[in-house]
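The sequence lines fix the lettering, A, B, ..., with proteins before strands; numbering per chain opens at 1.
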Number of protein chains: 2
Amino acid sequence: MKRAPLHQAAVVQAAAELADRDGFEAITVSALAREVGVRPASLYSHVKDLAALLDGVHELVLGEVAEAVAAGIAGRSGYEALVGLGEAQRDFAGQHPGRWAVLARPATPKTARSAGAIRLVDLTFSVLRGYRLPETELVHATRFMGATVNGFLALERASSFEHRDEQTRTSWHRALEALDRALASWPTTTEQEH
Amino acid sequence: MKRAPLHQAAVVQAAAELADRDGFEAITVSALAREVGVRPASLYSHVKDLAALLDGVHELVLGEVAEAVAAGIAGRSGYEALVGLGEAQRDFAGQHPGRWAVLARPATPKTARSAGAIRLVDLTFSVLRGYRLPETELVHATRFMGATVNGFLALERASSFEHRDEQTRTSWHRALEALDRALASWPTTTEQEH
DNA sequence: CCCTGGACCTACAGCTTGTAGGCAAACGCC
DNA sequence: GGCGTTTGCCTACAAGCTGTAGGTCCAGGG
């Protein structure tokens, strides 16, 4: 793109850090300008507008999550890999709440086609291969898994689980186990569905 | 609790309608003031601030969702009830995208203790009773179910499922079936967990 | 008949996003 | 070295948002 993509990346990086430190809502052009030591207007040389900035962070974070998941499932398969994938995401969400919150934004088509997003889907697919599903079911199973993991973490972050944190850890284990059972018993006969 | 709680409720109601029409982000004090035909400052007589307004909408919506779910599971049990619960929430999210988006906000303690929230948990419990889980597992199973359903709808709304909508319907059915299998095979022996 | 409280108002301070136009240093090129 | 173009930052400003302060007007109760 530009002749100085370093700067664009640096700005997005700073925004991610800001989000982790002060919360997702703290990502504003003004705050970010204060952060990097320039006037708000100057940032518009590097970023189209606030929405584009957030999309940039979104893409960055997808890549980071993919990285973490890759490390979490390396050398594992089956239930082990499933746990690795889940745990990697949960750890990430816990350590980077601001970054994680950015993922809740609707993904733009561009973001959905980004390297990180594709890598993440591929990694999920590779975990699911351990369950020997019919090829046509892979996409459905991926969505199911993504829904459960993301949904759990969203509810956990939103503190919908009241204040009984000891139980949350157990709930998380149960969810992973439940996921495992559901995947292991996935229907193998692909009946037609209009 | 003022002498005219009608007005507070009416304002919150209007905000919910605004959200459905123009999107969650359109809930601003200014826009709402335009909507109900007063000056922005006047709204502060009825609502403490923007955050309180959103919390009010959150609470309202929880009640509405509970209502919809109650209707969806009435007279059903087991998998039928599960489908009723899921379908009710999915329909609600589809018909009221703005309202639904408000639920993504972290719930305040007050909201978590609201009548609608409690009702919703109770209804979920009642669906799970059909699966004859040990009492101590109910809370974990509820979280699992909530995570999957909410997670799926969140991903669907965020259009993470690309543009292949025909498949989405199938994915949804698979998810409900998977949920059913996971619940039906839930561990009955409550092994201790540190 | 007054006077108190509620709902609305205007005015304003302070913050935000985003645009326009200017200045100055650095870089490539002759 | 001289020269122009690019680049990164700046100031200035328009417009919109939140939230506070203080005033007006009306209805209902003592």
Check side-chain contact (heavy atoms from CB on, under 4.5 Å) between B/Glu80 and all other residues, then give those that pass, not counting sequence neighbours. B/Arg76
Could I get the full list of side-chain contact (heavy atoms from CB on, under 4.5 Å) partners for A/Ala41, not counting sequence neighbours?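 Not a single residue meets the side-chain contact (heavy atoms from CB on, under 4.5 Å) criterion with A/Ala41.
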From [atom1] of [X] over to [atom2] of [N], roughly how many Å is that when rounded to an integer?
| X | N | atom1 | atom2 | answer |
| --- | --- | --- | --- | --- |
| B/Arg39 | D/dC25 | CZ | C1' | 17 Å |
| B/Leu54 | D/dC17 | CG | P | 15 Å |
| A/Glu25 | C/dT16 | CD | P | 14 Å |
| A/Leu43 | D/dC10 | CG | C1' | 13 Å |
| A/Glu35 | C/dT16 | CD | P | 13 Å |

Residues B/Arg132, B/Glu137: salt bridge by 4.0 Å N-O rule: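 The answer is no: the pair does not qualify as a salt bridge.
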All N/O contacts under 3.5 Å from nucleotides 17-22 of chain C to the protein, with atom names and distances to one decimal?
{"unit_1": "C/dT17", "atom_1": "OP1", "unit_2": "A/Val29", "atom_2": "N", "d": "2.7"}
{"unit_1": "C/dT17", "atom_1": "OP2", "unit_2": "A/Val29", "atom_2": "N", "d": "3.3"}
{"unit_1": "C/dT17", "atom_1": "OP2", "unit_2": "A/Ser30", "atom_2": "N", "d": "2.8"}
{"unit_1": "C/dT17", "atom_1": "OP2", "unit_2": "A/Ser30", "atom_2": "OG", "d": "2.7"}
{"unit_1": "C/dG18", "atom_1": "OP2", "unit_2": "A/Tyr44", "atom_2": "OH", "d": "3.3"}
{"unit_1": "C/dG18", "atom_1": "OP2", "unit_2": "A/Leu50", "atom_2": "N", "d": "2.8"}

Please name the pair of heavy atoms, one in B/Ala19 and one in B/Ile27, separated by the smallest distance, quoted to 0.1 Å.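 Heavy atoms only, the tightest pair is CB-CD1, 3.6 Å.
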Cation-pi between B/Arg90 and B/Trp172: NZ/CZ under 6.0 Å from ring centre and within 45° of the ring axis? yes
Verify the contact: side-chain N or O of B/Ser42 to OP1 or OP2 of C/dA7, cut-off strictly under 4.0 Å; return yes or no. no
With a cut-off of less than 4.0 Å, is there a side-chain N or O of A/His46 near OP1 or OP2 of D/dT7? no
Once ring-ring contact (aromatic ring centres under 6.0 Å, His included) is applied, do any residues pair with A/Tyr44, and if so which ones, sequence neighbours excluded?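 For A/Tyr44, no residue satisfies ring-ring contact (aromatic ring centres under 6.0 Å, His included) once neighbours in sequence are set aside.
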In a check of salt bridge (Lys or Arg N to Asp or Glu O under 4.0 Å) between A/Arg119 and each of A/Glu59, A/Glu67, A/Glu64, which one passes? A/Glu67
Going by the ring pair (Phe, Tyr, Trp, His ring centres under 6.0 Å) test, which pairs reach into residues 114-149 of chain A, not counting sequence neighbours? A/Phe144-A/Trp186
Would you list the protein and nucleotides 26-29 of chain D atom pairs, both N or O, that sit under 3.5 Å from each other?
none

